[in-house]
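See structure below.
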Amino acid sequence: MTDPRILVLGTGGTIAGRAASSTGKAYAAGEVPLDTMLGEIRALGLEAELLPKAVARIGSQDIGWTEWDALHREITVAQDDTGVDGIIVTHGTDTAEETAYLLDLTLAAGKPVVLVGAMRPADAVGSDGMRNFANAVRVAGDPNAAGRGVMVVMGDTVFAAADVRKAATASVDAFRGFPRGPLARVTPSSLDWFAPPHRTAQPPRFAWPEALPRVAILTAGAGMDSKPVEALLGIGCKGIVIAGMGQGNAPRVVLDALEAAVDAGVPVVRSSRVDEGMVDRNVEVDDDARGFVAARALGPAKARILLMVLIANGVTDPAAIQAAFDQP
Ligand code: ASP
């Protein structure tokens, strides 16, 4: 059997980070060139042929349309290329869930697409980057990884893009899955899938847009007034995601201002600032009366991505938006 050929798209992040000292806390993301990283990975003797392509060398806090558009284009081409078996995207961890989910919504569920990052820079004591990268090579090179949508590999765990989120700021074990747990456990020498592929041959859920609209996340806080909502409308937001208290709640004056936004044609999605849990319709907030959408299992960051994709695809009716959020 020949080794799998894996396209590696580099974007930067801590996995390519370099520190002034291997024990200090300050470092810069995206400093290590992709070729250098791949040299180290090849030296591990993994059974895969790695094909590098640098897309960016940035911290993922700076990622946006330019890089997303390039990633989507490169992956679409690679999915049709018989010389490529799987795709890895090296990525910062801060926004990995956003890039992964955006690609997941807009790519066919074909060959494995795996985002991988690290919590510690490449030259830090106890760096996790090479381990995570070796794990990603194992996943991207496994024919059984196809038909599962975009995945994120971190800390010996494989997550589906729709479920994954960063849940800790600095620990190596920083990622969690909700509402589903991990898809698989992985090490450089083993890979155990917990279920068969669930999206085999599915086409893209949404068309790749020509641009993404301005959609803001507004975090609710005790004692806040309606001014932040008015400010967001004032800068031309096309949609608002409220990171609400508890089950997506907010002070009455804020809910009233958000209802006025809906009346003005700006969709509003209620998610939660709480780390984990569902936001369902009509629990304490009367979504039917106010015209809001409940984010269900999606946290604020992913709710914003889905709302941007929907608006870009011409979906602005609250009922149609709710149907998209209801789809697991
Ligand atoms: N700020 C970094 C980034 O997201 C953090 C990391 O990669 O862990 O690029």
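Computed from a predicted structure; not experimentally measured. One-based numbering, in listed order, for ligands and for the atoms of each. For this chain, numbers begin at 1 and follow the sequence in order.
Atoms of ligand 1 lying under 4.0 Å from at least one heavy atom of Tyr27, given by number and element, are 5 (C). Interface atoms of ligand 1 facing Gly59, defined by a heavy-atom separation under 4.0 Å, are 9 (O). Interface atoms of ligand 1 facing Ala118, defined by a heavy-atom separation under 4.0 Å, are 6 (C), 7 (O), 8 (O). For ligand 1, the atoms closer than 4.0 angstrom to any heavy atom of Thr14 are 2 (C), 5 (C), 6 (C), 7 (O), 8 (O).
Taking atom 8 (O) of ligand 1 as the reference point, the nearest protein heavy-atom neighbour is Thr93 OG1, 2.5 Å.
The shortest non-hydrogen separation linking Val254 to Asp225 is CG2-O, 3.4 Å. Heavy atoms only, all atoms of each residue included: Val137 and Ala48 are closest at CG1-CB, 3.6 Å.
Every heavy atom of Gly30 sits 4.0 Å or more from the atoms of ligand 1.
Close N/O approach between Asp94 and ligand 1 is found [any backbone or side-chain N/O within under 3.5 Å]. Looking at ligand 1, you won't find any N or O of Thr95 less than 3.5 Å from one of its N or O atoms. Ligand 1 has a nitrogen or oxygen under 3.5 angstrom from a nitrogen or oxygen of Ser60.
Side-chain atoms of Arg185 and Thr157 form a donor-acceptor pair, as typed in the model, at a separation below 3.5 Å. Side-chain N/O atoms of Glu40 and Thr36 include no donor and acceptor closer than 3.5 Å. Judged by distance alone, the side chains of Thr11 and His91 never bring a donor and an acceptor atom under 3.5 Å apart.
A salt bridge links Lys166 with Asp94: the distance from a Lys NZ or Arg NE/NH1/NH2 to an Asp or Glu carboxylate oxygen falls below 4.0 Å.
Between Phe175 and Phe159, the angle of the ring planes lies from 30° to 60°, which puts this pair in the tilted group.
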